[in-house]
*Asks:* 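Would you mind keeping the following structure in view while I ask a few things?
Just so it is clear, the model here is predicted, and its values are computed rather than measured.
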Amino acid sequence: MYWQKVLSRLSIPGILLLALGAVACTQAAKLCKSERLILCVRIAGLVLALTGTVILLDLIPGL
């Protein structure tokens, strides 16, 4: 019962951004060959994950 209320409040865009950012950060070495590109992908993944977290914490209302 309680988990249904929690799951109903979760935001799909927030979950997707968080998951995509986590995958980009952890799999950057497999996705890219250049060291510079790996760093850029990890930073972009971190930004995506943080944006997803902000959305999930309802700091941006309406999303």
Side-chain angles (χ1 to χ4, degrees):
M1 297 285 189
Y2 176 74
W3 287 105
Q4 290 175 348
K5 291 180 184 178
V6 171
L7 290 177
S8 70
R9 294 193 61 200
L10 289 178
S11 166
I12 298 299
I15 293 172
L16 290 177
L17 284 174
L18 184 63
L20 182 64
V23 168
C25 284
T26 58
Q27 301 298 318
K30 290 182 182 178
L31 295 173
C32 310
K33 299 299 177 197
S34 169
E35 284 293 322
R36 287 182 131 184
L37 194 55
I38 289 172
L39 180 63
C40 291
V41 170
R42 285 189 176 159
I43 291 172
L46 181 63
V47 169
L48 284 174
L50 289 176
T51 305
T53 303
V54 166
I55 291 172
L56 281 175
L57 291 175
D58 283 337
L59 296 177
I60 301 175
L63 289 179

*Asks:* So which of Asp58, Thr51, Leu57 actually passes side-chain contact (heavy atoms from CB on, under 4.5 Å) with Ile55?
*Replies:* Thr51
*Asks:* List, by chain and then residue number, the residues other than Leu50 in its hydrophobic cluster (Ile/Leu/Val/Met/Phe/Trp/Tyr, side-chain heavy atoms under 4.5 Å); write none if there are no others.
*Replies:* Leu46
*Asks:* Show which side-chain atoms of residues 15-28 pair as donor or acceptor with protein atoms under 3.5 Å away, not counting sequence neighbours.
*Replies:*
| unit_1 | atom_1 | unit_2 | atom_2 | d |
| --- | --- | --- | --- | --- |
| Thr26 | OG1 | Ala22 | O | 3.0 |
| Thr26 | OG1 | Val23 | O | 3.3 |

*Asks:* Quick check: is Val54 connected to Leu48 through a chain of hydrophobic side chains (ILVMFWY, heavy atoms under 4.5 Å apart)?
*Replies:*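 Leu48 clusters together with Val54.
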*Asks:* Hey, what else clusters with Ile38 if you join Ile, Leu, Val, Met, Phe, Trp, Tyr whenever side-chain heavy atoms sit under 4.5 Å?
*Replies:* none
